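Taking it in order: structure first as structure tokens, then the write-up.
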There are 2 protein chains.
Amino acid sequence: MLRLTRRSEYGIIAIAHLAQRPGEAASARDIAERYGIPKRLLAEVMKQLSHRGFVRSSRGASGGYQLAVDPTRTSVRVVLAALEGPFEMVQCATDGARALEDGEAGRAVAPAASSHFAQNTLCELLGSCPIRGPVQRIHDRMRLVLEEFTIRDLISGGDGAVPMTAGLSTAFAPPAVAAAVRKS
Amino acid sequence: MLRLTRRSEYGIIAIAHLAQRPGEAASARDIAERYGIPKRLLAEVMKQLSHRGFVRSSRGASGGYQLAVDPTRTSVRVVLAALEGPFEMVQCATDGARALEDGEAGRAVAPAASSHFAQNTLCELLGSCPIRGPVQRIHDRMRLVLEEFTIRDLISGGDGAVPMTAGLSTAFAPPAVAAAVRKS
DNA sequence: CAATATCGCATGCTTTCAGTGCTCATTCAA
DNA sequence: TTGAATGAGCACTGAAAGCATGCGATATTG
Ligand code: SF4
Ligand code: SF4
């Protein structure tokens, strides 16, 4: 259980690929052929990552994608959140204010209604659920794991065990969003 | 992303319910009505938990279910594994010998072909995947979280933070399986 | 017997996921 | 200017997973 989607893996692979080659631009075809990913689908994923501000795209011949965030300050969690929606093992995990900061890559820029994933219907059992609290604790622990690992940890053979533990709820991808938002 | 299924939550709720009332037997209807769970579906879940040896069922009037494992020694992970299959964020997580001990609740009794979840097709990108190692580390950390929490932690308001850390790959549900297996 | 359970299997519905097709817009180089 | 390469946008299909229900059989209690 708790399997990631294919899209997520493709996205992570692509981001890892770009992180290994700072400055260079890699096209969707390059990456797709290199790793055996369906080209067409990868393009879809890259588009999404571009919208969220994790990569910068340049069109035309010899175009491609470049990483647009700091690999050491961008957690795996936010990348996945951009591809699959906020991490929530259970429905009630999103109830507090927590899910608000997940959607986009930047800070609280978006009017909170932009993301196309947000089904926002709250659990029916909420009133009578006996496991809410404990499950919440498990959820937070799991979330913390995704938070601790950064893009850098995806390309290095190092531990990646206890990095960026400080500021446990920070770690997001700041730049390159405002520009994209202005347009829409 | 990484949402649990409804079945899992129902199962956990039921187990928590039973753990709070040792000795007493609760019927599927009792539990279903108490928490607002679809009765028919809960019955299906309980059947599954019964087969895996986590609960003991007694039929007939005034029958019901009883917990059949030690709440302090049964991790949340094995319960979920019994309901949704082994925990694997990615396909390649199951390749080693690891998934073998997940299927059932007891020790290595079953011929490893009993579980009705085991699609056992290995990832096509495995040869070229650049994130395999790092993802594996994340996977293990997540798995450890599910391992640390026990059934007992589901009913107590306590931390449940660092219990049963020792013996990190043990923690399974031993008894009440052999009998059920003999039949089939 | 009658009431109350679980058990076992089958079925229908809905949502998600993976993957593809096609067209348009943009860039660069010949 | 032309054309090849590349990303962007939108829609669409097929398959699988998940949720839920129905019905009949069987076991147990009183
Ligand atoms: S309230 Fe209970 S049942 Fe509903 S989502 Fe939260 S944990 Fe699951
Ligand atoms: S090999 Fe790479 S792509 Fe395949 S399952 Fe493992 S991590 Fe995902």
Side-chain angles (χ1 to χ4, degrees), chain A residues 1-11 14 18 25-33 36-52 55-66 68 80 83-85 88 90-91 116-119 121 123-125 180 183-184, chain B residues 1-11 14 18 25-33 36-52 55-66 68 80 83-85 88 90-91 116-119 121 123-125 180 183-184:
Chain A
M1 71 294 202
L2 295 176
R3 181 109 102 233
L4 286 177
T5 66
R6 228 46 175 149
R7 295 174 64 94
S8 294
E9 291 199 69
Y10 295 157
L18 295 177
S27 73
R29 191 165 67 116
D30 291 342
I31 302 178
E33 289 181 351
I37 301 174
K39 172 185 166 182
R40 190 62 190 66
L41 181 53
L42 179 63
E44 211 68 27
V45 173
M46 296 311 289
K47 187 187 8 172
Q48 205 167 340
L49 286 175
S50 173
H51 285 170
R52 298 299 197 282
V55 302
R56 213 185 343 264
S57 73
S58 47
R59 302 211 253 194
S62 77
Y65 298 95
Q66 272 180 277
L80 292 178
L83 291 170
E84 283 193 65
E88 39 184 29
V90 291
Q91 227 175 357
H116 54 86
F117 35 59
Q119 83 297 326
T121 61
C123 178
E124 294 180 357
L125 320 187
K183 177 43 188 336
S184 157
Chain B
M1 70 294 202
L2 294 175
R3 180 106 105 238
L4 285 178
T5 66
R6 228 45 175 152
R7 296 174 65 93
S8 295
E9 291 198 69
Y10 296 157
L18 295 177
S27 72
R29 192 165 65 118
D30 290 342
I31 302 178
E33 290 182 351
I37 301 174
K39 171 185 167 183
R40 190 63 190 65
L41 181 53
L42 179 63
E44 210 68 28
V45 172
M46 297 310 290
K47 184 183 16 167
Q48 207 166 339
L49 286 175
S50 172
H51 285 171
R52 299 299 198 282
V55 302
R56 212 182 349 260
S57 73
S58 48
R59 303 213 251 193
S62 76
Y65 298 95
Q66 273 180 275
L80 292 177
L83 292 170
E84 283 192 66
E88 41 184 28
V90 291
Q91 226 173 357
H116 52 88
F117 36 59
Q119 84 294 328
T121 61
C123 178
E124 295 180 357
L125 321 186
K183 179 37 192 337
S184 159

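Everything numeric in this text was worked out from a predicted model, so none of it was measured. Note on naming: letters A, B, ... go to the chains in the order of the sequence lines (proteins, then strands), and numbering restarts at 1 for each one.
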ask   = According to a strict under-4.0 Å criterion, is B/S57 in side-chain N/O contact with OP1 or OP2 of C/dC7?
value = yes

message = Using heavy-atom distances to pick each residue's nearest nucleotide on DNA chain C, tell me which of A/S8 and B/E44 is more 5'.
response = B/E44

request  = Would you kindly give the CG-to-P distance between A/L42 and D/dT6, to the nearest whole Å?
outcome  = 13 Å

query = Distance from A/R6 atom CZ to B/Q91 atom CD, nearest 0.5 Å?
reply = 5.0 Å

query = Should A/R7 be listed as having a side-chain N or O under 4.0 Å from OP1 or OP2 of C/dC17?
reply = no

key: Toward the 5' end of DNA chain D, by each residue's nearest nucleotide, A/A61 or A/A43   = A/A61

ask   = How do B/R59 and A/G60 order along DNA chain C: which one's closest nucleotide is nearer the 5' end?
value = B/R59

query = So among A/T5, A/L42, A/L49, which one has a side-chain contact (heavy atoms from CB on, under 4.5 Å) with A/Y10?
reply = A/L42

request  = Output yes when at least one side-chain N/O atom of A/H51 is less than 4.0 Å from OP1 or OP2 of D/dG9, else no.
outcome  = yes

message = Please confirm whether the shortest side-chain N or O distance from B/Y10 to OP1 or OP2 of D/dA20 is below 4.0 Å.
response = yes

Whole-Å distance separating the CZ atom of B/R56 from the P atom of D/dT28 = 15 Å

task = For A/D30 and D/dT6, give me the distance from atom CG to atom C1', rounded to whole Å.
result = 11 Å

ask   = Can you check the A/R29 CZ to D/dT6 P distance for me, whole Å?
value = 5 Å

key: Euclidean distance, atom CD of residue A/Q48 to atom C1' of C/dA18 [Å, nearest integer]   = 14 Å

query = NZ of B/K39 versus P of C/dC7: gap in Å, rounded?
reply = 14 Å

ask   = Using a cut-off of less than 4.0 Å, is there contact between a side-chain N or O of A/Y65 and OP1 or OP2 of D/dA8?
value = yes

request  = With rounding to the nearest 0.5 Å, note down the distance linking CZ in A/R3 to OG in A/S8.
outcome  = 12.5 Å

key: Spacing of B/L41 atom CG relative to C/dC13 atom P, expressed in whole Å   = 18 Å

